[in-house]
Amino acid sequence: MSSDVAPRQRVKSTGLHIGDAVPGVAKVDPILIADSVTRSFGGLKAVDVEHLEIPRNAITALIGPNGAGKTTLFNLLTGFDKPDHGTWTFEGRSLAGVPAFKVAQRGQVRTFQLTKSLGLLTVLENMKLGAKGQRGENFWAGLFPHVWRKQEDAFEVKAIELLTRFKLDTKKDDFAASLSGGQRKLLEMARALMSDPTLVMLDEPMAGVNPALTQSLLEHILDLKDQGMTVLFVEHDMHMVRHIADWVVVMAEGRVVAEGPPHVVMKDPAVVDAYLGAHQDVDLGVVTGRYAGELTGEASELASEIQGLDHSPDPAGKEQTT
Amino acid sequence: MDWLQILSNTASSIIGPATIGYALAAIGLAVHFGFAGLLNMGIAAYMAIGAYSYAISILTFGLPWWAGILVAMGGSVVFSLILGIPTLRLRGDYLAIVTIAAAEIVRLLFLTTTFDKYTGSADGLSGYHSSFRDANPIPPGTYGFGPWTYNETGWWVRIVGLVILALAVLIVYVSMRSPWGRVLRGIREDEDAVRALGKNVFSYKLQALVLGGVFGSLGGVVYAMPSNVNPGVYGTSLTFFVWTALLLGGAATVFGPLLGALIYWGVMTLLSNILPALVTSGILPFMSTTQAQTLRFILVGVSLMLLVIYRPQGILGNKKELTFVK
Ligand SMILES: Nc1ncnc2c1ncn2[C@@H]1O[C@H](COP(=O)(O)OP(=O)(O)OP(=O)(O)O)[C@@H](O)[C@H]1O
Ligand SMILES: [Mg+2]
């Protein structure tokens with residue numbers, strides 16, 4: 001479990017789907033199946049998913065432009081929001097209408113895009129709160145510490161082990177409010193793992209985490225898979241998606257527009273158009289002339305586009321603002 | 001001015017039934033607001049339910065005094081369920097509004113002449129003491145020293161009150177250090193985070209409402225135990241007095257409510273003795289003795305405002321753990 005071990009070369013899970021990798025394709029062993037789940041806000045259809053299956057014991061990335069409905073879908077699947085209609089099952093049991101806390105108890109645990117660390121609890125208390133099946137969480141049992149003390153100690157050991165993995169062990173007695181934004185993300189993720197979930201749903205886990213830690217976190221996420229868990233995560237960092245995802249689902253305007261193994265999906269013209277942009281491999285520094293470098297055909301095309309943009313603003317506009 | 005008498009009265013108030021009653025109610029409020037984040041603005045209703053349940057059980061149903069206490073506790077549980085089940089699913093501020101309204105309803109129900117037979121409507125209730133006094137093991141006589149000299153009834157009320165208070169403090173102290181209390185403190189901050197960890201947030205909030213409500217009701221019992229039940233007491237201002245006591249000591253602390261109630265009654269007794277004395281001796285020539293009594297409550301209001309602005313965590317509170325300044 002130590003992160004000092006040199007990264008192991010891991011094999012991506014393949015052969016997850018049955019038939020062509022089109023949106024809504026059936027999986028060999030799905031853990032989560034959603035059917036015609038829709039949610040609108042006023043006139044806006046934020047989520048409109050016809051059919052989606054998440055493969056078991058694999059790492060699935062959910063990508064798509066801002067406002068595509070990824071977070072809303074997360075909220076629906078975890079019971080934090082109610083769909084207009086639709087059904088979904090987790091490990092074969094229907095989850096539609098099941099309240100959020102029961103969803104979590106069944107082993108489908110999530111984190112939030114806007115971090116929800118509990119600032120007025122210490123880091124260690126945050127962690128212990130994550131543990132499942134605590135005897136001391138019953139009011140009457142809570143009044144008799146000898147009933148829950150032993151279990152509590154076991155949770156503490158586990159919590160410190162996880163905190164060490166996430167490099168937060170030195171902070172364990174601090175209020176979570178004193179952590180930095182990235183550290184809170186880490187704490188939230190570690191806390192979710194306290195409950196030994198079956199399916200971990202992470203909403204932008206790497207946003208604001210520094211590169212070195214991202215590396216070791218990627219390892220941890222891969223570890224989760226090794227330990228038999230299923231991971232579904234939302235992420236805008238395409239390097240991360242390419243590196244660890246076994247399967248990628250692309251959403252745009254509420255719909256699943258593509259899915260498949262990462263290297264295939266990332267080349268899908270629809271995905272490139274809707275999300276990645278045509279210039280994903282071009283170094284922006286070279287294009288803008290800040291760095292010396294070889295301008296590929298694609299890059300020079302972009303460069304001329306940018307030049308066009310530079311000259312377009314109306315010079316009169318500047319004077320008006322003074 | 002008789003300073004000795006003034007100081008003696010003030011010292012005596014420290015273990016007065018009113019102080020103990022307020023301390024209990026403030027502990028209930030600490031459970032509601034300080035630990036679970038429930039903005040209960042109807043603590044006066046809980047105290048009214050306690051006092052009336054106790055008195056009515058004895059006067060109308062002929063129950064012994066201890067059964068009256070149990071009925072008072074049961075009454076508050078029922079009230080918590082009625083109040084909580086429809087409202088705890090809503091976000092915090094709504095609970096505040098609903099509890100103010102509910103407290104008014106409760107007060108008016110006790111005040112209306114419709115139930116005069118049981119509640120005595122505007123006259124309130126009195127004369128329910130015999131069962132309690134019969135149970136007094138202390139032989140007749142006066143005991144104590146200095147300002148704390150009371151007769152056997154005075155001591156009996158104070159002892160019962162202090163025992164109930166000690167139990168309440170113990171329960172809050174232990175439960176807030178347990179995993180149960182940890183869940184509550186998590187809910188106080190972010191319900192959704194706690195929900196995402198598989199805890200039934202609604203159930204915990206209801207449990208907290210019930211627990212704090214029981215203490216509030218017991219506060220009402222102790223407050224009314226030695227004297228009478230007066231419907232004028234249980235208005236909205238009582239709620240704010242208890243809030244002042246709570247915020248003074250520290251909302252998210254176990255001993256804060258105790259200290260707050262003690263200081264509150266100490267200062268109130270002091271002022272109610274000093275101000276009229278100042279008026280009669282001509283130092284405050286611009287007011288009458290009645291106005292001087294009202295001035296006390298104005299000062300309470302001002303100090304509540306100053307507290308919330310400058311020291312929201314109270315005397316014993318941890319600055320980092322203040323709950324209503326984010
Ligand atoms: N509570 C809400 N009320 C109204 N509209 C909402 C609400 N929540 C989301 N939306 C709308 O639904 C759409 C999808 O939002 P969502 O948060 O799911 O996007 P997302 O894919 O997670 O985007 P991002 O990558 O920026 O996090 C957006 O257009 C958003 O404006
Ligand atoms: Mg989002």
Side-chain angles (χ1 to χ4, degrees), chain A residues 74-75 78-81 99-112 114-122 124-145 147-149 151-152 155 174-178 188 191-192 194-195 197 201 203, chain B residues 31 34-37 77 80 89 167-212 214 251-253 312-313 317-326:
Chain A
F74 259 45
N75 288 344
T78 49
F80 279 88
D81 193 3
F101 78 91
K102 281 196 181 144
V103 173
Q105 282 175 359
R106 288 198 194 169
Q108 183 185 327
V109 172
R110 70 169 299 183
T111 65
F112 295 87
L114 296 173
T115 325
K116 289 187 186 292
S117 59
L118 299 163
L120 303 181
L121 266 55
T122 65
L124 191 59
E125 282 178 319
N126 261 281
M127 291 297 286
K128 288 196 218 160
L129 190 61
K132 251 196 321 201
Q134 300 196 34
R135 278 194 280 278
E137 284 186 353
N138 175 290
F139 173 71
W140 298 109
L143 293 178
F144 302 97
V147 175
W148 46 266
R149 185 61 71 197
Q151 199 191 24
E152 180 89 350
F155 288 142
D174 295 358
F175 280 110
S178 72
E188 201 189 6
R191 190 177 64 193
M194 279 297 287
S195 65
M201 298 174 61
D203 201 344
Chain B
V31 172
F35 294 107
V77 173
S80 289
R89 289 180 202 281
L167 280 175
V169 168
L170 185 70
I171 288 174
V172 174
Y173 184 88
V174 176
S175 65
M176 288 310 155
R177 269 158 192 72
S178 75
W180 183 82
R182 184 164 63 211
V183 177
L184 274 195
R185 284 181 295 130
I187 291 173
R188 174 181 71 186
E189 224 184 317
D190 193 327
E191 288 182 15
D192 279 344
V194 177
R195 213 169 261 137
L197 297 172
K199 322 287 177 199
N200 187 347
V201 168
F202 176 74
S203 159
Y204 279 98
K205 290 208 286 189
L206 196 57
Q207 290 173 39
L209 193 67
V210 167
L211 181 68
V214 167
T253 62
Q313 75 272 32
N318 179 342
K319 180 94 189 166
K320 284 189 187 138
E321 214 186 344
L322 44 125
T323 51
F324 48 92
V325 181
K326 281 253 167 90

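Computed over heavy atoms, backbone and side chain alike; hydrogens, waters and symmetry mates excluded.
- The greatest number of non-hydrogen atom pairs below 4.5 Å with chain A, out of B:V194, B:D190, B:V201, is found for B:D190.
- Per-residue counts of heavy-atom pairs under 4.5 Å with chain A were compared for B:R195, B:R177, B:K199; the largest is that of B:K199.
- If you measure heavy-atom distances from A:A141 to chain B, you find no contacts under 4.5 Å at all.
- Chain A forms the most heavy-atom pairs under 4.5 Å with one residue out of B:V183, B:D192, B:V174, B:L211, and that residue is B:D192.
- By the 4.5 Å heavy-atom criterion applied to side chains, B:W180 and B:Y204 are counted as neighbours.
- Between the A:W148 side chain and the A:G142 main chain, a donor and an acceptor come within less than 3.5 Å of each other.
- Taking A:L118, A:V109, A:N138 one by one and counting their heavy-atom pairs under 4.5 Å with chain B, the maximum is reached by A:L118.
- Among the candidates A:G136, A:P145, A:A192, A:A104, the residue making the largest number of heavy-atom pairs closer than 4.5 Å to chain B is A:G136.
- No donor-acceptor distance shorter than 3.5 angstrom exists from the side chain of A:T115 to the backbone of A:S117, with no hydrogens or angles considered.
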**OP:** Using the side chain to side chain contact (heavy atoms under 4.5 Å, CB included) rule, take A:L120 and B:R185 through it: C-alpha gap first, then chi angles, then the decisive distance, then the call.
**Re:** CA-CA 8 Å; A:L120 303 181; B:R185 284 181 295 130; over 6 Å; no

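- Judged purely by atom type and a 3.5 angstrom limit, A:Q105 has no side-chain atom pairing as donor or acceptor with the backbone of B:N200.
- Note that CG of A:D203 and CD of A:E188 are 9.0 Å apart. Values are rounded to the nearest 0.5 Å.
- If you take CZ on B:F202 and CD on B:E191, they are separated by 11.0 Å, rounding to the nearest 0.5 Å.
- Of the listed residues A:R110, A:Q134, A:E125, the one with more heavy-atom pairs under 4.5 angstrom with chain B than any other is A:E125.
- If you measure heavy-atom distances from A:F139 to chain B, the contacts under 4.5 Å come from both the backbone and the side chain.
- The most heavy-atom pairs under 4.5 Å with chain B, out of A:K132, A:K102, A:Q108, A:E152, come from A:E152.
- Using a 4.5 Å cut-off between heavy atoms, A:R191 touches chain B through backbone and side chain atoms alike.
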